[in-house]
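Report on the structure given below.
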Amino acid sequence: METSTEKSILQIESYQPQAIESKWQQAWDESDLYKTDTSDTHRPKYYALSMFPYPSGRLHMGHVRNYTITDVIARFKRMHGFNVLHPMGWDSFGLPAENAAIQNKIPPAEWTFNNIDNMRRQLKQLGLAVDWDREVFTCREDYYKWTQWMFLYLFQRGLAYKKEAPVNWCEVCQTVLANEQVIDGRCWRDDSIVTKKKLSQWFFKITDFADRLLANLPKLKGWPDRVLTMQRNWINRSAGAEVEFPVEGRNIKIPIFTTRPDTIFGVTYMVLAPEHPFVELLVSEEQRESVDQYVELTKRKTEIERTATDKEKTGVPLGINVINPYNGETVSLWVSDYVLMEYGTGAVMAVPAHDERDFEFATKFRLPIKRVIENPATPGLPLDQAYTETGVLVNSGEFTKLDSETAKQKITELAQKKGFGREKVQYRLRDWLVSRQRYWGTPIPIIYCDKCGTVPVPDEDLPVRLPKDVDFGVQGTSPLATSTSFRNVPCPKCGGVGRRETDTMDTFVDSSWYFLRYIDPHNATKPFEPSDIHHWMPVDQYVGGIEHAILHLMYSRFFMMALHDSGWTETDEPFKNLLTQGMVLKDGAKMSKSKGNIVDPDEIFKEYGADTARFFILSDSPPQADFDWKESAVEGCYKFLHKVWRTVTDRKTSINLDLPVPAYEEMTGESRELYQWSNRTIQGIVNDIESEFQFNTVISKLRELVNFMAKYEPAAGAPDAVLSHAVSTLLKLLAPIAPHLAEELWQQMGGVGSIHVQTWPTHNPMALQADTVEIVVQINGKVRDKFPVASGLPKEELEAMARQRPKVIQNIGEQQIVKVIVVPDKLVNLVVK
RNA sequence: GCCCCUGUGGCGGAAUGGUAGACGCUGCAGACUUAAAAUCUGUUGUCCGCAAGGACAUGCCGGUUCGAGUCCGGCCAGGGGCACCA
C-alpha cells in the first residue's frame, strides 16, 4: 500500500496536463504575455489570422485544427523576433441565433453571447497565444456601426445600389441569397431548392472590379492554386463583341454578345431569353398565344430544371425576322430558355454549324445550318455535329479565307466603324446581393423619403441600432418591419416623413473587413486608423477552410480594393499567404451530428489535455490534407508527451541550461552524436515550417530527437552541457506546438523567463553531418553493397573502396566498368557492360 | 464538356533526380509483473529460400537519365471547381 505522501509526490512528478495547462494559462494571462503593441514598429510585423468562428455554441475539431495551425505559426514567428498580431473574434450575426429566438424564446443577443462565452472558454483552454483585448464581435454596436459606415462608403461611391431584379429566394431561410450562396440551385445553408423572385434589393457593384479581381490573381503567389482557379472560374471572363441586329420592319435593334464574331456569317436564326423585354414588344399577333404560354411555362420551372444540360431544347418563334448587319440576310427570331437573361444581353445570335447548343436547337426545329469555318478533317462533308474549333473562314464574304483570330478582329472593327457593334468583355460574376429579410444582421443605414428619395443615414447618426420590439416569426419580410419605432423616422434631409430600410446585410459583409478592425479595435471615431493599416496589412498568413474559396475571400478582396481606391489602405489585396486546411474526419468519415461521430474537444481536453490535442491534430497529415481523427493515434501522442516529460525530468540532475556548449571539435562519442541530432533537428524543422508548414514532419523530427535522448546516458557526476543544450533545444522547438508542457519543463529545468519569449534556436552548420556515413554501391543502378565510412572522403577514395568490395567484384565478374558516378557521402554507381 | 488537384505497405503518411516506405498507428513475439496497466526490446510491403541471399514493388503504358515515386508524353481511376455563360 502506498501512503498518501508517496502518492502526492508521485502526482507532482508525473505529467499532469490539466493541472499545468490551467496554471500556465492563468499565468500568461496575468502577465499579458500575448498582448500585441501595434505601435511597436522596431521589430518586423507579422499578422497571423484565422478565419473567425460563427458562435454556434461549441468548438468542433475543425476549429481546433484551424486555430492550432495559426497559433503554432504565430508562436514560431514570435520566437523569430517578429512583432506578431494574432487576434480572435466572432462572426456573430446570422440566422441560427434568430431561429433559436423563435424556437426557445431567447433573444438572439443573449443566445449569441452565451455561445461566445462558452467557445471563448474552450479557445482559452486550447492555449492560444491570442491578444484577447482585440476581440471583435460583428453583432456589437461598436462593430456594426462601422459595417454601416462601409455600406455608406460604397453607396457614396456608386458601389452600392438598389434595383429590382429576379433574385434567389430561399423558402426555408425566408430571405434572398447572393449568387455565391446558391450551390447547384440549392441554398448553401439548408440545401433547399432556391426559387426566383422579382424583388427590389441592395447590391454591391463587385462587377466593377471583375477585371482587377482577375488580374491580381497571379500576384497572389502565397495562395493555393486550387483557390485561384476557383475564383478565376467564378469570375469567368470572356472577350468578344457586342453586335446589334436590326428587326425587320421595326425601328428596333437587338444587341447580342458573342465570343465568336468570326462565325457571324453563319447566323441562321436568333434567340431571346424568355424574360427579355423585347419578347413582349416584338411578338407577332399569330404567335402571341404560344409565346405567352411558353414564357409562362418557363417561369414555373426551377433554376435546376431550367439549366439541366441534358434537357431537350425547347422554344417558340416570335413570328418576326431580324437582319444580319454583315450580309443583309434575314433570319427568324425565337424565344428559348437556353438563353439566360442574366448573362450578356439576354439575346444570342445562333450559329448552329459552330455551336453545340445552336446545332441541337436547329436540328430539332429544322432551321438552316450554314458552315462558315472549315473543318480540316472533313472538308466539304455535311456536318453531323457542331464544329466548335477555330479555323479558316468560308462563305463569309470579304472575310473568307481569313483565320479565326484575324477574322474576329476585322469583323469587330467593321462593326465599330459602321456603328453597329463594338468589342466587349463579359463576366460571369454578378453583382453581390447584400439585402437579407432577416433580423439578426447589420441594419442597412438608408431612409426612404417621398420627397428626397433614397437618403443615406448621416455618419453622426450611426449606428442604426437593431430594435428589440420585433416579431421574429413574421414570414416573407424582414422582422425589422414589425417595429414601428424603428421603421418610422423623419427624413434626415428634409425632416419630412421617412421610413427606414428594414432589410439587414448579408453576414458576409460583416466578415469582409473584420481583419482591418483587429488592428485598431477600439477606435471610436473611425473604422480604423489608416496609418496602422498601412503598417500591418496585408495579413501575412491567413488560415481557414476551403469552403470560403469564393465567398468570403472574394468579397474581402473587393472591399480592400474599394477602400484602397480612396486611400484608406495602401495595399489592395488583404491576404498575402493563404493556407486552406483540410477537413477533420473520424475513421474516414466526415464528423456530423447525424452520424453521431463527433469528437468533442472538451472531452479531449479533459482526458488528455490541450497539448495532446494540439500535437495530435498536427501530427498525422500535412495541414492542407484531410485529417483522420483516430483514438489510438491520440493515445500515441499522449504517450509521447509523457515520454518527453520523463526523458527531461529523469535527467534533471544532469541539466544546467546556463552551461556553455563545449567546442564541437572537442565532443566525442554519444554526446557528439546527440549534438548532431539537436542541430539536424533545428535545421530540419525550420525547413519543414518554411515549406508550407509541414507540421507532420516537424513532429516526426521531434520524435526522433526524443527517441535518441531517451537512450542517451548523461555523463555521471557533473551537469552535462550537451544534454542541457539538447533539452533547451527540444523545449524551444516543442514550445509552439505543446506550449504548456514546454513552459512547465522549461521552468522546472531552471529556464529564465517564459519559454515563449525565447529566441528560436539556430543550428551549428558544422554539426549537421554525422561522423560516419553509409556508402551505397550500385551496379547499373541496383544496390549491391553498402559500407560505412568516415564522412567527407573524396570521390576517388570512395570509388577505390567500392571497387575492392568482395561483393562488387563478384557481381561484376567478367564485365567491364565503363563509367563510375560518385555522390560524396552517399553512393558509388558502377556502370558495367 | 472545360479547368484544377490527388494516386506510395493493413492504415496516416516520409523521401533537394541518388538506399522507396522516415516518423507514427495497428498487428505479432518477448522482457518486467502474482496479474493488469504503464514502460521497455524485437518484428511488421509482396513472393522464392532452412539460410546467406535474390526477385518484384510508388495507378497503367512509354520516354529522358548511370540512376525516376520525383522530370517529359500518353492513358486510367478518385476528388473538387465551373457549366445551355453564347
Side-chain angles (χ1 to χ4, degrees), chain A residues 14 183-184 224-238 240 256-260 263 271 273 306-313 336-340 342-351 354-358 360-361 388 426-430 546 549-550 585 587-588 616 619-622 624-637 639-640 642-643 646 684 687-688 691 694 696-704 706-707 710-711 774-786 807 817-823 825-832:
Chain A
S14 69
I183 296 145
D184 295 331
D225 281 347
R226 194 151 73 116
V227 175
L228 298 177
T229 309
M230 282 165 77
Q231 292 212 356
R232 199 172 295 121
N233 285 345
W234 186 259
I235 297 167
N236 194 21
R237 178 185 199 268
S238 347
I256 58 95
F257 172 73
T258 179
T259 53
R260 293 296 302 273
T263 64
V271 195
R306 221 189 120 167
T307 57
T309 41
D310 51 356
K311 190 195 80 173
E312 203 182 321
K313 296 272 180 292
S336 171
D337 65 359
Y338 84 88
V339 176
L340 308 171
E342 308 92 68
Y343 188 73
T345 61
V348 301
M349 65 176 211
V351 185
H354 305 293
D355 181 279
E356 280 168 26
R357 297 150 299 178
D358 298 346
E360 198 190 324
F361 190 87
T388 57
Q426 190 68 45
Y427 302 92
R428 207 192 73 99
L429 178 72
R430 310 286 152 76
I546 186 76
I550 295 171
L585 309 173
D587 302 320
F616 173 54
S619 66
D620 261 11
S621 306
Q624 297 81 359
D626 284 350
F627 178 88
D628 200 6
W629 186 280
K630 279 200 305 215
E631 201 60 35
S632 58
V634 187
E635 199 79 42
C637 292
K639 285 178 186 170
F640 175 74
H642 274 274
K643 185 173 182 175
R646 283 195 313 272
N687 286 347
D688 287 344
S691 70
Q694 301 305 298
N696 53 330
T697 51
V698 168
I699 281 176
S700 64
K701 288 180 176 77
L702 288 172
R703 283 179 181 273
E704 283 177 306
V706 172
N707 287 346
K711 285 178 192 154
E774 191 176 47
I775 299 297
V776 170
V777 187
Q778 294 181 334
I779 294 171
N780 287 343
K782 297 210 174 210
V783 179
R784 292 300 176 202
D785 196 13
K786 298 170 186 179
K807 272 189 193 172
I817 295 174
V818 293
K819 195 173 176 183
V820 181
I821 290 106
V822 182
V823 182
D825 289 340
K826 279 236 168 88
L827 87 155
V828 178
N829 186 12
L830 304 167
V831 185
V832 302

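The sequence lines fix the lettering, A, B, ..., with proteins before strands; numbering per chain opens at 1.
- Base pairing of rC25(B) is made with rG10(B), judged by Watson-Crick or G-U wobble geometry with both donor-acceptor distances under 3.5 Å.
- Applying the Watson-Crick and G-U wobble criteria (two distances, each under 3.5 Å), rA20(B) pairs with nothing in any strand.
- Base pairing annotation: rA86(B) forms no Watson-Crick or G-U wobble pair, as no partner gives both donor-acceptor distances under 3.5 Å.
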Response to the item:
For nucleotides 14-19 of chain B, 5' to 3', base contacts (B), sugar-phosphate-only contacts (S) and non-contacts (-) with protein non-hydrogen atoms under 4.0 Å give S---BB

Tabulate protein N/O versus nucleotide N/O from nucleotides 41-45 of chain B, keeping only pairs under 3.5 Å, one per line.
none

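- Nucleic acid contact class of Arg232(A) (heavy atoms, under 4.0 Å, all strands): none.
- Using bins of under 30°, 30° to 60° and over 60° for the plane-to-plane angle, the ring pair Phe627(A)/Phe616(A) lands in the perpendicular bin.
- Here Ser238(A) lies in heavy-atom contact (under 4.0 Å) with sugar-phosphate atoms only.
- Along RNA chain B, the nucleotide closest to Ser700(A) and the one closest to Ile183(A) are compared, and the more 5′ of them pairs with Ser700(A).
- Considering only side-chain atoms of Tyr343(A), the nucleotide from rG81(B), rC5(B), rC85(B) that sits closest is rC85(B).
- In terms of position along RNA chain B, the nucleotide closest to Ala625(A) lies nearer the 5' end than the nucleotide closest to the other residue of the pair Thr258(A) and Ala625(A).
- Using C1' as the reference atom, rG21(B) and rU46(B) are 13 Å apart when rounded to the nearest Å.
- Residues meeting the side-chain hydrogen bond (donor to acceptor under 3.5 Å, both in side chains) test with Asp355(A), sequence neighbours left out: Arg357(A).
- Remark: rA51(B) base-pairs with no nucleotide; criterion is Watson-Crick or G-U wobble with both hydrogen-bond distances under 3.5 Å.
- Listed nucleotides rC84(B), rC40(B), rG80(B) differ in distance to Arg226(A); the shortest reach to its side chain belongs to rG80(B).
- The residue Asn707(A) sits close only to the backbone: its heavy atoms come under 4.0 Å of sugar-phosphate atoms, none of a base.
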